[in-house]
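Working notes, beginning with the structure itself.
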Amino acid sequence: MTDIKRLWKEAVFAALENLASASGLTTGIGDMESLVAEYPPKPELGDIGFPMFGYAKVFKKSPAVIATEMERLLAARGEELLCHGRPKAVGPYLNVFLHRVSVIEEVLERGRKDDWNSYLPFAGRKVMVEFSCPNTNKPLHLGHLRNNVLGESLSRILKAAGADVKKVNLINDRGIHICKSMLAYQVYGGGRNPEDEGLKSDHFVGKYYVLFNQLKKEDPKAEEKAQELLRLWESGDAETLKLWKTMNRWAVEGIKTTYARQGVGFDDYYFESLTYTRGKQEVLDGLSRGVFYRDDDGSVWVDLEDVGLDKKVLLRKDGTSIYITQDIGTAIQRSKDWPFDELVYVVASEQHYHFRALFEILRRLGYSWSENLFHLAYGLVNLPSGRMKTREGTVVDADDLIDELAALAQKEIEAKGRDSMVGDPAAVAEKVALGALHYYLLQTSPTKDMLYDPEQSLSFTGNTGPYIQYMGARACSILRKGAEAGPAQVLQEGDAAEAVAAVLDNEADWPLIRCLASYSGALESAARTKEPSIMAAYAHELAAEFSAWYRDNPVLSNPDPSLSAGRLQLVKAAKSTLQQVCGLLCIPFLEVM
RNA sequence: GCGUUCGUAGCUCAGCUGGAUAGAGCGACGGACUUCGAAUCCGUAGGUCGCAGGUUCGAUUCCUGUCGGACGCACCA
């Protein structure tokens with residue numbers, strides 16, 4: 001469909017050029033990119049629409065007249081174009097009615113092979129995506145879940161669009177916050193293990209981070225002692241390092257369990273403890289080249305006021321590096337490790353300023369790839385009760401949340417009496433929970449703050465992940481029944497594709513086919529704008545379209561056996577597309593639910 | 001104070017590079033299970049797209065201003 005659309009766009013533009021030269025015009029119609037190709041709001045208007053408003057002034061004619069002349073010009077073209085469709089002027093629009101059989105054939109291919117997506121606009125692009133980046137002093141919370149699913153989903157979308165994607169994580173495993181949980185453990189831990197307290201290991205570590213607040217009340221010198229622990233860590237004190245390693249292992253193992261549960265993963269892990277000194281030399285080089293300057297007290301600065309930012313410290317007066325210095329080093333290291341065409345940072349929008357500064361600094365250091373850095377900023381996840389705050393204990397823990405959702409889903413399965421049909425109700429419930437959560441988090445544009453309403457997310461009706469899963473399961477159900485019905489009903493792999501497609505060339509089946517065909521357009525748009533929400537919207541549209549279609553159009557119970565067989569192939573293609581889309585959105589696909 | 005960002009139906013959100021009657025879901029009201037699984041479907045009600053200007057043949061979309069919210073402007077990360 002995407003190829004056919006481009007073919008028509010080229011043809012329409014060529015016709016515009018002809019019209020221009022016939023009118024003695026040499027300029028004014030712009031380039032092909034400025035020619036708008038869209039989808040008419042109603043199928044009876046056509047399949048592709050080209051508005052002619054923009055050319056009225058150039059030609060000094062009304063858009064409707066231009067559209068009519070365009071129709072005539074295009075209709076005079078040979079079969080090599082007209083076999084793909086028929087142009088028609090509809091008011092001020094030049095619309096195209098596609099030769100549907102070729103579209104249908106393309107769509108039905110999806111039921112025949114797994115790897116059917118051949119449209120790869122990002123082929124040859126190397127894209128690195130950094131996301132999650134947890135601290136090792138506490139378990140993941142709801143905000144991380146949004147980050148994780150955004151990063152994972154975007155990576156899958158880019159990959160589906162043909163890009164070579166590398167997912168990376170940077171573990172924040174050093175610093176004062178880590179030392180606080182270590183100190184609290186020294187005081188209260190009594191040498192116990194997570195198993196001793198029956199806690200998931202990252203929750204165990206998090207418990208001691210929280211206990212640090214108690215320690216502060218009991219010991220006024222707690223903050224000082226934590227600082228001392230940081231100094232010991234930096235000087236390589238054996239005992240401190242031993243504790244640090246143990247607690248970090250607990251934290252990281254626990255966090256990785258949550259990743260596995262959520263279905264996210266990484267190609268490479270970076271650890272801040274190994275990279276945090278890396279930017280220092282870069283800054284000193286920049287200093288010697290006059291990109292930065294040294295203050296009287298010895299600290300190193302960069303002045304970004306001319307681009308609307310401030311003066312930023314890059315090295316402390318004692319020569320140690322700070323946050324942004326580390327990111328400078330890490331970015332440069334990555335560009336050497338794996339020369340990317342693009343590097344995407346999935347980080348909360350609170351850090352927008354930080355990334356503007358970082359990208360500008362890298363530009364000034366002379367790295368041309370600095371313009372290929374992208375901060376995918378996402379908004380906070382708020383609760384109906386207000387913002388999540390660690391100190392007020394209003395943080396929603398990631399594992400607890402998934403547990404809650406899964407328990408609720410299981411109750412729902414039992415309430416509907418489907419527990420015997422789904423096999424393992426607990427396993428299905430877990431998948432429904434993840435589908436609900438991930439879809440909920442992805443449906444909103446990343447830039448916006450969003451409201452996480454447990455009530456609404458837990459209700460499995462409407463514009464939700466489970467709805468999409470349900471339509472997938474229904475498609476599977478029809479296919480199962482079709483297989484049972486015997487050879488007459490089963491789709492004939494050997495049937496000529498064109499003959500099957502011809503059967504489906506009718507008004508009843510077209511809306512679903514058109515929706516299926518627009519998959520690649522949605523994918524490209526989502527990849528280009530880096531917005532999984534576009535894919536989420538497509539997923540819901542497709543599910544709803546499928547729902548409406550199978551309600552009105554009998555598949556198995558159809559009196560016409562050839563139509564029945566053809567529609568069975570269409571169900572297969574729809575199921576395959578739904579499955580693909582669910583994969584892109586980290587929504588587990590379910591054969592039954 | 002400066003900067004970034006958001007402001008669309010009672011609520012939560014879509015609306016692709018400006019374009020053909022602004023769309024979903026929830027909630028409300030009314031319907032549909034002897035019919036390929038009702039976690040579904042259909043119908044009704046509900047919007048001066050924060051406000052005011054500007055650009056344009058045309059603005060929810062772009063520009064300016066303004067009001068309101070969020071976030072940021074550390075030798076924290």
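To find a chain, count down the sequence lines: A is the first, B the second, and so on, and within it residues start at 1. Since we're looking at a predicted model, the values are computed, not measured.
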Under 3.5 Å between N/O atoms: give me all the protein pairs with nucleotides 5-9 of chain B, atom names plus distance.
| from | atom 1 | to | atom 2 | distance (Å) |
| --- | --- | --- | --- | --- |
| B:G7 | OP1 | A:K448 | NZ | 3.2 |

State which of [options] makes the closest approach to the side chain of [X].
X	options	value
A:Y467	B:A20, B:C13, B:C41	B:C41
A:I534	B:G15, B:U40, B:C75	B:G15
A:N463	B:A20, B:A24, B:G37	B:A24
A:Y470	B:C75, B:U40, B:C36	B:U40
A:T444	B:C36, B:C13, B:G72	B:C13
A:T461	B:A70, B:A14, B:A39	B:A39
A:K481	B:A39, B:C16, B:C36	B:C36
A:Q351	B:C13, B:G19, B:A77	B:A77
A:S445	B:A14, B:A77, B:A38	B:A14
A:M593	B:C36, B:G19, B:G37	B:G37

- Item | OP1 or OP2 of B:C73 under 4.0 Å from side-chain N/O of A:K311 | no
Strand partner of [N], provided both Watson-Crick or wobble distances fall under 3.5 Å:
N	answer
B:U35	none
B:G1	B:C73
B:C49	none
B:A20	none

Between [M] and [N] - [atom1] atom distance, rounded Å:
N	M	atom1	answer
B:U21	B:G7	C1'	25 Å
B:G58	B:G18	P	16 Å
B:A9	B:C2	P	30 Å

Hey, what are the protein-to-nucleotides 57-59 of chain B N/O distances that come in under 3.5 Å?
| from | atom 1 | to | atom 2 | distance (Å) |
| --- | --- | --- | --- | --- |
| B:C57 | OP1 | A:K57 | NZ | 2.5 |

- Determine whether any donor atom in the side chain of A:N95 lies under 3.5 Å from an acceptor atom in the base of B:A20, or the reverse, and answer yes or no. yes
- Message: Does A:R356 contact B:G3 through a side-chain donor or acceptor facing the base, at a distance under 3.5 Å?
- Response: no
How long is the line joining [atom1] of [X] and [atom2] of [N], in whole Å?
X	N	atom1	atom2	value
A:Q456	B:C11	CD	C1'	8 Å
A:Q410	B:A39	CD	P	17 Å
A:I322	B:A77	CD1	C1'	10 Å
A:D552	B:C41	CG	P	12 Å

- Message: Please classify the nucleic acid contact of A:S547 as base, sugar-phosphate, or nothing, using heavy-atom distances under 4.0 Å.
- Response: sugar-phosphate
- Mind checking A:A37 for me? I need base, sugar-phosphate or nothing, with any heavy atom below 4.0 Å counting as a touch. base
- Item | Basic-acidic side-chain contact under 4.0 Å: A:R231, A:E228 | yes
- Message: Tell me if the centroids of the rings in A:H354 and A:Y323 come within less than 6.0 Å of each other.
- Response: yes
- Task: Spell out, as yes or no, whether a donor-acceptor pair under 3.5 Å connects the side chain of A:E71 to the backbone of A:A89.
- Result: yes
- Message: Check whether A:Y276 forms a cation-pi arrangement with A:R174 (NZ or CZ under 6.0 Å from the six-membered ring centre, at most 45° off the ring normal).
- Response: yes
- Item | Geometric cation-pi criterion A:K5 and A:Y39, 6.0 Å radius, 45° cone | yes
- Message: I need the A:T136 OG1 to A:I178 CD1 distance, nearest 0.5 Å.
- Response: 3.0 Å
- Task: Working to the nearest 0.5 Å, report the span between OG of A:S321 and CG of A:L314.
- Result: 10.5 Å
